[in-house]
Amino acid sequence: MNWIVQNLWLIPALPLLAAGIIALTPQKGRVRGAALAIGSMGISFLLSVWAFAHVLALRSSGEAVTQFFNFRWFQFGNDWLSLGWVLNPLTAVMLVMVTFVGLLIFIFSVGYMAHDENFTRFFCFLALFAGGMLGVVISNSLLLLFMCWEIVGLTSYLLISFWYHKPTAAAAGKKAFITTRIGDLPFFLGMVWLYSQTGTLLFYNNGAGCLEPAALSHLLAQTTPLGLCAATAIALLIFCGAVGKSGQVPLHVWLPDAMEGPTPVSALIHAATMVAAGVFLVARVYPLMTAHHEITGMLTTSAALQVVTWVGAITAFFAATIAVAQWDIKRILAYSTVSQLGYMMMGLGVGGVAVGMFHLITHAFFKSLLFLGAGSVIHGCSDEQDIRHMGGLAKTMPVTFVTYSVGMLALCGFPLFSGFWSKDEILHAASIWNISHIPYFLGAAGALLTAFYMSRQVLYVFFGTQRLSPKSQEAEHPNAHGPVHADAASHGSGTPHESPAVMTIPLILLSIFAGLLGFVGTAAWPWFQSFLEETPLKLDFAAFTHGGLLPVMFTSSVIVLVGLGLGWWFYGRKPIESDDAPDNLGRLAPSAFSFLGHAAYVDALYGATFIRLNTLFSKISDWFDRWVWNGAVKTVTQTMLGFAHLDNLIDTHVVNSGFDEGCEGVSTGGRLLSLLQAGRIQGYLKIIAGALIVFTILLLWKARI
């Protein structure tokens, strides 16, 4: 076995080790902390490239591409619980993406967090998160994946609420943690059920893994009371975990609030890694999702994939509508992320692993670029996040503007940019889906809205007149001692400025990938799809004419241009000059704009239903605890105390009194008898004389009678 396969564990272990060392580093050790985090991520990236090259070599040699290393962890009874890691095309692609994008975000963070007093702690959490995410990627065991999955959940809480002294940040961290745990509970139940049915949680184990034909055949033979086969039911339970992590409807509410964390956190967790973990999970257990097709050869879409498709399509459209009416630059991108994650899920459902994962990879680059670009804007505008208070930044922040525009066009799916190729793959697959065409129309409508809200954002931020208020305001990352944003003092509040090179260089690198990465997955040269699906690769320009692809591409391009045109019509024709001017779309449909601006009142709905119901249950539980259970305990306690008092009364006034009286009588009798035993002869003679006198009198009395 190749060295890199046996030692694949080093890739997540290095950031985890760095996190442990940084945790022991004093807060003043800023350089050491950043160097350890960036250095560990850099070495992990090099090892990931080595692993990727090994998979390429295996493909060229014709050997089995999927290789794994399993080991026994611990024994219970006669059974061993095994863990392991796997290297295949899916793992290799994700490793390179996570380590490369993560490395750039780590470097960007050096500049963005330069003046934060908890700089060292921030890099500790970043390294811990990266280690957990990389552990998810390499796991050949659903149990190991779940353990790393929870590390990711923990660190997301730590990073989202990094500025814990801000009530909104603390609340956002708790909201993210609790919401994702709601999805993780059925995920855990599905994992337990899978183990009970197959006796293993290893994905691949020389034919004995839970994703291999023997186990899948057994799962198909088992049915639930609802009529679903065990494979479908388990797949849906696992999918619940993906819904929570990837912010799908109805568990999407945590992701927009998570923008309370530092902007590099948004780029790392909510663009390239954590939220993509749910999509990756579905791709990893895809054989379970399609078990009936794999075993029986049926061509219809499985029930599990139908659920994945519908949830993804609804999420893609719903989140895009909300993004239209947001004012916070990061919150717009957050809802955009929710929408794009919906596209990925829809792609997995209608097109397969390669279709969904292609969009995941391209999205990782252009959305990380957009979040970091937003961070650069926030940094340059002295922590302003409301797009109404920006404007005219194209002149003062040219590098940020150009790179942000590339990311925006890639996100919109503008022709030839990376998002164009990956999004069109999804729309094409949805257009020929054998169940329904509704997901295609929802996806197309979402694409129109994406182009509209992104053009709205760019026009508000980079064009028009400068509207940044010249006032001192609390920094995006305040602490107990007041504002600490990088360069806030040197550049002055209200004066936009370009970010330093440590921040702009990652933007430039990401923009190159955001613009060009899509060419590895075109219909004419589908290298990415061929790599993941392990199929032969050939250059064929005629593929554009197959299966109605050209009409979909043309329609998609028109939709994007229409969306961009509508954005310009509403916000670009007349430059935005005032920060208190009403939104043009809001003036056209104020009720709808307000509804969307409040995120369709989903949080309010949850607050009025589930949260209120939970509060009611907690009050009922408290009442039962205080008056029923505690009352029962107090009743038993008082009863026992009553018995104790009664026992004390009987013991004191009955038992003790009777015993004491008896003892006193015995004592008195003893004293009287002791008088007869004084040991004096004179006394004895007196008693005898007295007795004789009494005896004589009795005899005389008797004789007289």
S.K.: Hydrogens and angles aside, do S376 and S499 bring a side-chain donor and acceptor to less than 3.5 Å of each other?
M.R.: yes
S.K.: Measuring from L369:CG to S405:OG, what's the distance to the nearest 0.5 Å?
M.R.: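 Separation between the atoms: 9.5 Å.
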S.K.: Can you confirm if the aromatic rings of Y606 and Y601 lie within a centre distance of less than 6.0 Å?
M.R.: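 Ring centres of Y606 and Y601 not closer than 6.0 Å.
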S.K.: Can you tell me how far the CE atom of M553 sits from the NZ atom of K423, to the nearest 0.5 Å?
M.R.: 10.5 Å
S.K.: Given 3.5 Å as the limit, does a donor-acceptor pair link the side chain of S418 with the main chain of A514, or not?
M.R.: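 Side chain of S418 to backbone of A514, a donor-acceptor pair under 3.5 Å: yes, one is there.
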S.K.: Closer than 4.0 angstrom, basic N to acidic O: yes or no for D580 and R388?
M.R.: no
S.K.: Which atom pair, heavy atoms only, marks the closest approach of S594 to H598?
M.R.: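 Scanning both residues completely, I find the closest heavy atoms to be O-ND1, 2.8 Å.
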S.K.: Is the closest basic N to carboxylate O distance between K175 and D603 below 4.0 Å?
M.R.: yes
S.K.: Between Q340 and H359, do the side chains contain an N or O donor and an N or O acceptor separated by less than 3.5 Å?
M.R.: yes
S.K.: Using a distance-only test with no angle check, is there a side-chain donor-acceptor pair under 3.5 angstrom linking T396 and E498?
M.R.: no
S.K.: Is the F452 ring parallel, tilted or perpendicular to the Y571 ring (thresholds 30°, 60°)?
M.R.: tilted
S.K.: Using 0.5 Å steps for rounding, measure from the CG atom of L566 to the CG atom of L585.
M.R.: 10.0 Å
S.K.: Measuring from F129:CZ to L268:CG, what's the distance to the nearest 0.5 Å?
M.R.: 5.0 Å
S.K.: Answer whether the closest heavy-atom distance between the side chains of L237 and F187 falls below 4.5 Å.
M.R.: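 Heavy-atom side-chain distance check fails, nothing below 4.5 Å.
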S.K.: How about F358 and W421: are their ring centroids closer than 6.0 Å?
M.R.: no
S.K.: Tell me the salt bridge (Lys or Arg N to Asp or Glu O under 4.0 Å) pairs involving residues 274-283, sequence neighbours left out?
M.R.: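 Sorted result for residues 274-283: empty, none.
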S.K.: Parallel under 30°, tilted from 30 to 60°, perpendicular over 60°: which one fits the rings of F123 and F106?
M.R.: perpendicular
S.K.: Taking all non-hydrogen atoms of both residues, which atom of T180 and which atom of A176 are closest, and how far apart?
M.R.: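 In terms of heavy atoms, the two residues are closest at OG1-O, 2.7 Å.
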S.K.: Are the side chains of S161 and E260 in touch, meaning some heavy atoms are under 4.5 Å apart?
M.R.: no
S.K.: Applying side chain to side chain donor-acceptor pair (under 3.5 Å), which residue pairs with at least one partner in residues 444-455 are found, sequence neighbours left out?
M.R.: S336-Y453
S.K.: Any side-chain heavy atom of F463 sitting closer than 4.5 Å to one from F401?
M.R.: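 Side chain of F463 against side chain of F401, heavy atoms only: contact under 4.5 Å found.
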S.K.: Report yes if some heavy atom in the side chain of L393 is under 4.5 Å from a heavy atom in the side chain of T400; otherwise report no.
M.R.: no
S.K.: Is the positively charged end of R573 above the ring of W569, judged by distance under 6.0 angstrom from the centroid and angle within 45° of the axis?
M.R.: yes
S.K.: Going by the rule salt bridge (charged side-chain N to carboxylate O under 4.0 Å, His left out), which residues pair with R284 if we only count those two or more places apart in sequence or in a different chain?
M.R.: none
S.K.: If you draw a 6.0 Å radius around CZ in R587, do more than 12 non-hydrogen atoms from other residues or ligands fall strictly inside?
M.R.: yes
S.K.: Going by atom types only, do Y404 and Q457 share a side-chain donor-acceptor pair under 3.5 Å?
M.R.: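 Yes, Q457 and Y404 have a side-chain donor paired with an acceptor closer than 3.5 Å.
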S.K.: Sort and list the pairs that fulfil salt bridge (Lys or Arg N to Asp or Glu O under 4.0 Å) and have at least one residue in residues 358-378, not counting sequence neighbours.
M.R.: none
S.K.: Using atom types as modelled and distance alone, determine if a side-chain donor or acceptor of R467 lies under 3.5 Å from a backbone N or O of Y460.
M.R.: yes
S.K.: Answer with yes or no after comparing the ring centroid distance for F317 and F441 against a 6.0 Å cut-off, counting only values under it.
M.R.: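 Between F441 and F317, which both carry aromatic rings, the centre distance is not below 6.0 Å.
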S.K.: Could R181 and F177 be counted as a cation-pi pair, given that NZ or CZ must be under 6.0 Å from the ring centre and within 45° of the axis?
M.R.: yes
S.K.: I'd like to check F108 versus L104 (side-chain heavy atoms, cut-off strictly below 4.5 Å). Are they in contact?
M.R.: no
S.K.: Could you tell me whether the side chain of T155 and the main chain of V152 form a donor-acceptor pair under 3.5 Å?
M.R.: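 Yes, T155 side chain to V152 backbone: donor-acceptor pair under 3.5 Å.
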S.K.: Do you know the tightest heavy-atom contact between V311 and V249?
M.R.: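 Where V311 meets V249 most closely, the heavy atoms are CG1-O, 3.7 Å.
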S.K.: Give a yes or no on whether a salt bridge exists between D328 and K330, defined as a side-chain N under 4.0 angstrom from a carboxylate O.
M.R.: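 Result for this pair is no, no salt bridge flagged.
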S.K.: Kindly indicate whether the side chain of M357, heavy atoms from C-beta on, has any atom under 4.5 Å from the side chain of L90.
M.R.: yes
S.K.: Mind checking whether H363 and Y343 have ring centres under 6.0 Å apart?
M.R.: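 When the ring centroids of H363 and Y343 are compared, they turn out to be at least 6.0 Å apart.
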S.K.: Using 0.5 Å steps for rounding, measure from the CZ atom of R331 to the CG atom of D386.
M.R.: 12.0 Å
S.K.: Given side chains that start at C-beta, do those of L333 and M454 come closer than 4.5 Å, heavy atoms only?
M.R.: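 Touching, per the 4.5 Å side-chain cut-off.
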S.K.: Quick check: closest heavy atoms across S511 and T403, and the distance to 0.1 Å?
M.R.: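 Minimum heavy-atom contact is OG-CG2, 3.8 Å.
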S.K.: Quick one: side-chain contact (heavy atoms from CB on, under 4.5 Å) partners of I438, sequence neighbours excluded?
M.R.: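 side-chain contact (heavy atoms from CB on, under 4.5 Å) list for I438, sorted by chain: W310, S436, L442.
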S.K.: Ring pair (Phe, Tyr, Trp, His ring centres under 6.0 Å) with H437: which residues, sequence neighbours excluded?
M.R.: none
